[in-house]
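Down below is the structure, laid out as structure tokens.
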Amino acid sequence: MRCHQFSAGPENLNGGRLRMSGRTAATALPLQPRFVSSFVGVPWLRPHQLFRHRPGRKHVVMQLSSTLSGIKDLLFNKRNMEEVRSSRRKRLKPGKVSPCRPVPNHIPRPPYVGSGKPPGIATRPEVHDAKGIECMRASGKLAAQVLEYAGTLVKPGLTTDEIDEAVHQMIIENGAYPSPLGYGGFPKSVCTSVNECICHGIPDSRPLEEGDIINVDVTVYLNGYHGDTSATFFCGEIDDETKTLVQVTQECLHKAIAICGPGVEYNKIGRTIQDHADKYRCGVVRDFVGHGVGRVFHADPVILHCRNNERGRMMLNQTFTIEPMLTAGRPNCVMWDDNWTVVTADGSLSAQFEHTILITENGAEILTKC
């Protein structure tokens, strides 16, 4: 979803007025190709770690072979990778992370906040009654409006920490809690993933530069329900190749949403995304996936964005996210030693778009849309 200008004063579905207010170098650790929902955890591991999946067991994580065939090598556009290596664009480095921002005591927290326990993934899908659907629409709408506002702030010289501050303030002024804050120790209220950062970038003191791209990932917890969305924004003038990457990623999301409906197999989402990405020689990140969302931040099903043979069908009144991450080069990942920030191994650019959707009788309703 490309976001338009934010207009002050829209009303949310609860009838309230929206309000808005004006590290040392890390060591990159190689990741084995696996599937992980954004911020998924299990009791015996930290929530951002990657776990193996074996078919027939719980869909918490999944594993693929790390070997790429010669055909796949061609699809991942080696020319782009060579250009990245010779480019003058600087690789990302971690900046200074400011302290966690406070949330007023009257705002309800998700159960994982302050529990001291790593959050897990719920094994039941999020299927709602009429009241739950209205609550999901409200949280989704607020998340969309916060994301749209964040996009208007993107400009050279602005730090990602300043984006976090603005997002945090808008969320709490509307009576909601920023879901990432305190999730498994995540220190900020939003994820900001710049250039080669695939996901889970921690807002810090690095100023945005002309020609950067940035994904802003917003999740709000409102009236007991999470709304989750993200979009990639341009910072100043962007070259045509980068524009194509971002556009194709957005198209992948909307093509995937278009095929959703009751009884449709989840694996059709990955096939649809992979088919479109392959036409443009974009890599599709396999390590991170979409997920059920609603009363809990992460639930079944796991939504794979690549071709797969996983079973399971969509249900009426179910909510989940689709959030494809594409790369200009290979989709291999490394994680910084902050144990959150995930970047492309070859330094190539990455883009992502995400919506929370509701399965309806006629297909799918986008809940995170202004």
Side-chain angles (χ1 to χ4, degrees), residues 23-40 46 48-53 61-95 191-202 204 206 211-215 217 230 232 241-242 244-246 248-249 252 270 273-274 277-278 280-289 304-308 323-352:
R23 291 163 304 199
T24 60
T27 302
L29 303 176
L31 302 182
Q32 296 300 317
R34 304 166 183 172
F35 296 112
V36 180
S37 171
S38 300
F39 297 116
V40 166
R46 299 179 70 182
H48 51 276
Q49 290 178 303
L50 308 180
F51 323 109
R52 290 183 177 86
H53 165 79
V61 292
M62 276 147 269
Q63 171 106 23
L64 280 183
S65 168
S66 61
T67 304
L68 291 173
S69 68
I71 294 176
K72 288 183 179 178
D73 283 343
L74 292 175
L75 292 176
F76 293 144
N77 203 343
K78 291 182 177 180
R79 179 181 60 82
N80 285 357
M81 294 188 293
E82 291 168 357
E83 289 177 355
V84 167
R85 295 189 184 101
S86 62
S87 171
R88 294 182 180 179
R89 176 172 58 81
K90 300 176 182 177
R91 292 287 186 97
L92 284 177
K93 294 182 179 180
C191 295
T192 52
S193 301
V194 179
N195 293 341
E196 70 264 31
C197 184
I198 294 171
C199 60
H200 302 167
I202 300 174
D204 61 21
R206 178 193 181 275
D212 283 347
I213 58 173
I214 176 173
N215 176 269
D217 192 337
S230 83
T232 298
E241 188 175 284
T242 302
T244 297
L245 171 67
V246 175
V248 171
T249 307
C252 282
I273 291 170
Q274 186 91 62
D278 284 354
Y280 295 88
R281 298 184 176 182
C282 294
V284 178
V285 173
R286 295 158 169 76
D287 301 65
F288 297 89
V289 300
L304 309 182
H305 303 121
C306 58
R307 294 187 191 95
N308 66 91
E323 43 189 296
M325 289 147 270
L326 270 58
T327 62
R330 294 179 186 242
N332 301 39
C333 308
V334 294
M335 181 181 284
W336 285 1
D337 65 1
D338 61 16
N339 291 320
W340 285 107
T341 307
V342 178
V343 299
T344 57
D346 61 12
S348 63
L349 294 175
S350 178
Q352 180 187 19

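Remember, it's a predicted structure, so these values are computed and weren't measured experimentally.
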Answer whether the closest heavy-atom distance between the side chains of [X] and [Y] falls below 4.5 Å.
X	Y	answer
Arg286	Pro331	yes
Thr192	Ile214	yes
Phe288	Gln352	no
Cys282	Leu245	yes
Cys197	Thr341	yes
Cys199	Met325	yes
Cys333	Val285	yes

Please confirm whether the backbone N or O of [Y] pairs with a side-chain atom of [X], one donor and one acceptor, at under 3.5 Å?
X	Y	answer
Glu196	Arg91	no
Asn195	Ser350	no
Asp346	Arg330	yes
Asn308	Cys306	yes

How many angstroms lie between atom [atom1] of [X] and atom [atom2] of [Y], to the nearest 0.5 angstrom?
X	Y	atom1	atom2	value
Lys93	Asp204	NZ	CG	13.0 Å
Asp338	Ile202	CG	CD1	4.0 Å
Arg206	Leu92	CZ	CG	5.5 Å

**OP:** Please report the shortest heavy-atom distance between Gly201 and Ser193, naming the atom on each side.
**Re:** N-OG, 3.3 Å
**OP:** Could you tell me which non-hydrogen atom of Val284 sits nearest to which non-hydrogen atom of Ala277, and how far apart they are?
**Re:**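 Closest approach of Val284 to Ala277: CG2-CB, 3.5 Å.
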Original post:
Do you know which of Leu349, Asp287, Leu326, Thr344 makes side-chain contact (heavy atoms from CB on, under 4.5 Å) with Ile198?
Top reply: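 When Leu349, Asp287, Leu326, Thr344 are each tested with Ile198, the side-chain contact (heavy atoms from CB on, under 4.5 Å) holds only for Thr344.
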